[in-house]
Amino acid sequence: MQADLEACLAVAAQTARDAGVVARRLFATRKPGTFSLKGDQDFLTEADGELERLIADRLAQAFPEDGFFGEEGGGEFRRRTWVVDPIDGTANFARGIPHFGISIALVCDGRIEVGAICDPIHEELFSAARGQGATLNGTRLTVSPTTDIRQATVELGWSKRRPMSEYAEMVARVVATGAGIMRSGSGALGLAYVAAGRIDGYAELHINAWDALAGILLVEEAGGSTNDFLANDGLHRGNPVLATNRGLREALMAATGIGG
Ligand code: IPD
């Protein structure tokens, strides 16, 4: 199993890196305004489809028995399934904002086993395998040591999948603790930043599995804490997510109302 996990991690990391090279080219050559909307504020670019096909082909070559599920084309869940977001932060990509990532996760028997997130613009590859730690470009990651919430920075993700009033109330509660807040438009990178200790927490009232799984494993393997995202069929339906360092877990659970 250990050797198998290492092989899966190696393929996930290389695939994310290679997709990142293509994403970087597509971002540099994209024509402004060339996107469509799947719904209000739900962006789609041609690059999403092209990258998802590339990633699906690579994973199928390496692991023909495994299931594949991608944000754009869907797919099929099997005992072992790769769950992929070809561009997380599509709105940023479409607008020319260089903050988006490729997220690849392997779920086996209801457990996240491998995660890789590539930020192609900054040439950063975050990766983790269960029990083996999390790394950024090969260097071991640890969540932040912050224990005073008045020094904390927390990303609060937003989408139209939950009422604005619920988001506004969560923002108000988190700000009232003394924490600083941000929203940068890529849940996958937000979670990776918690793993890297760049921010102290990431919370969102609903996020889909393809955006969140790789980042959740990164945070856990970097010594952080997460809610049970896969409970109540989170794999298919999505769920709230809360990922924090150890010191702020209780305070952020109370302020966001997520976890516990
Ligand atoms: C979105 C981003 C955003 C998060 C949303 C996601 P997409 O994914 O991760 O930061 O707040 O929940 O839907 O549409 O860019 O792949």
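For ligands, and for the atoms within them, numbers begin at 1 and follow the listed sequence. Remember, predicted model here, so these are calculated numbers, not experimental data.
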Original post:
What atoms of ligand 1 come closer than 4.0 angstrom to any heavy atom of E204?
Top reply: 4 (C), 5 (C), 11 (O), 12 (O)

Original post:
Does the side chain of D148 reach to within under 4.5 Å of the side chain of L248, using non-hydrogen atoms?
Top reply: no

Subject >> Atom indices of ligand 1, in the order listed, that fall short of 4.0 Å to a heavy atom of I87 >> reply: 16 (O)

**OP:** Could you list which atoms of ligand 1 come closer than 4.0 Å to a heavy atom of R161?
**Re:** 5 (C), 12 (O), 13 (O)

Original post:
Of all the atoms in ligand 1, which lie at a distance below 4.0 Å from a heavy atom belonging to E71?
Top reply: 14 (O), 16 (O)

Original post:
Which of the numbered atoms in ligand 1 are below 4.0 angstrom from a heavy atom of W158?
Top reply: 11 (O)

Subject >> Gap between atom CZ of R249 and atom OG of S225 - 0.5 Å precision >> reply: 4.0 Å

**OP:** Answer yes or no: is there a side-chain heavy-atom contact under 4.5 Å between I102 and I117?
**Re:** no

**OP:** Using heavy-atom distances, let me know which of G185, G89, G157 sits nearest atom 3 (C) of ligand 1.
**Re:** G185

**OP:** Taking R80 for its side chain and G67 for its backbone only, find out whether a donor-acceptor pair lies under 3.5 Å.
**Re:** no

Original post:
Can you find an N or O of T90 that's nearer than 3.5 Å to an N or O of ligand 1?
Top reply: yes

Subject >> Straight-line distance of I258 CD1 to H206 NE2, nearest 0.5 Å >> reply: 11.5 Å

Subject >> cation_pi(R30, F27) dist<6.0 Å, angle<=45 >> reply: yes

Original post:
Would you say ligand 1 has an N or O under 3.5 Å from any N or O of A91?
Top reply: no

**OP:** Could you pull out, from D211, D88, D85, L191, the option with a heavy atom nearest to atom 9 (O) of ligand 1?
**Re:** D88

Original post:
Relative to the heavy atoms of S186, which atoms of ligand 1 are at a distance of less than 4.0 Å?
Top reply: 9 (O), 10 (O)

